[in-house]
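So you know, we letter chains A, B, ... as the sequences are listed, proteins then strands, and number each from 1. Computed from a prediction, not measured in an experiment: that's the story for all the values here.
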Amino acid sequence: MISPHIIAAPEFDLEKTLHSGQVFHWSAVGKGFAAAISEMPVYVEQEGPILRVDKAQAAMIARYFALDHRLPVIIDTFRKDPTMDQALRFSKGLRIIRQPLWECLATFLTSAVKQVQHIRAMSLAIRKRFGRKLMGTGFEVYSYPSPEVLAKAPIEAFLECRLGFRARNLLETAKIIASGEIDLEHLQGLPTEAVRAELCRLPGVGEKIANCVLLFAYERLDAVPIDVWIGRVLKEIYFANCSTVSMRELKAFSTEYFGCYAGYAQQYLFHHWRMTYRRRR
DNA sequence: ATCCAGGATAGCG
DNA sequence: CGCTATCATGGA
């Protein structure tokens, strides 16, 4: 760090937040973690309730990690039940962060039917091949390439980054964004339903991935991505004695039952179940 | 070797 | 509407 600085970060767990399946490009460096935030190389380390960061980046980092979210207020809106209580205890300090729009969209576009470690590997490969190498003090990271850069890449390059059938979706989506046909920044001002509809126009983006981008980049904390893990929790716990549950029922239940911060509730359930499922079986 | 992973989509009845 | 096959790759 050029100019060491301390940020108060109560009710925050950096490692848990970075390992909760919402962001895929941070790596362990020294006692902390390093990554690019947009085009800035950033290093952060946590010691109890404080973060050590570079002074010039302090405000930007506090915003990225959503240290202004009042977790006690958010948690208080949840409907309490034994499953939610367990997930809450397990996920204490996990925050839903504010990611740059394009890299969040592009990364989740490649997340379809992939384990978290694979998503990380694809993200790193794309960053190394097309992004900028950013030199920090004692570490180096890669920024996520712009839609304009990716739009000009040959599909073979994405296949070499091991994207498989996701390669075409990333390329075609990059072309649409680069052309200006859809302006991701402009969507910020629209109602959630309108943003979701626009995102779903992109190839490879359906309701689940759109909800991930709404939750992790557009700050729509009521958006609930329903993936295989959340589907499992809902079916095994909240629809325990129903033989068949339709996707439509799951969506209706999750937004109504968990309230206006359903996205946070969902993230706690996701994290807890994903990290302990094999042990519980 | 078989199954599964933070899904989307075209094609079918 | 809802259901299914298919898509490409690597870890469990």
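- Within the 4.0 Å cut-off from OP1 or OP2 of C/dG10, at least one side-chain nitrogen or oxygen of A/R162 is found.
- Here the two rings, on A/Y268 and A/F258, have centers that are 6.0 Å apart or farther.
- A/L269 comes within 4.0 angstrom of no nucleic acid atom, judged by non-hydrogen atoms across all strands.
- Using Watson-Crick or G-U wobble geometry with both donor-acceptor distances under 3.5 Å, B/dA1 finds no partner in any strand shown.
- Residues from residues 242-251 of chain A with heavy atoms under 4.0 angstrom of DNA chain C: there are none.
- Contacts with DNA chain C (heavy atom under 4.0 Å) in residues 109-122 of chain A: A/K114, A/Q115, A/Q117, A/H118, listed by number.
- Listed for the A/Q266 side chain is no donor-acceptor partner under 3.5 Å among the backbone atoms of A/I230.
- Atom name P, nucleotides B/dG6 and C/dC3: the rounded distance is 24 Å, in whole Å.
- The number of heavy atoms from other shown groups lying within 6.0 Å of NZ (A/K235) does not exceed 12.
- In this structure, A/G204 reaches the sugar-phosphate backbone alone: every heavy-atom distance under 4.0 Å involves primed, P, OP1 or OP2 atoms, never a base.
- Residue-level contact check: A/F158 touches neither bases nor backbone, having no heavy atom under 4.0 Å from any strand.
- Counting any heavy atom pair closer than 4.0 Å across all strands shown, A/R166 reaches a base atom.
- Looking at heavy-atom distances under 4.0 Å, A/I230 makes contact with a base.
- Looking only at side-chain heavy atoms (C-beta outward), A/L187 and A/L199 come within less than 4.5 Å of each other.
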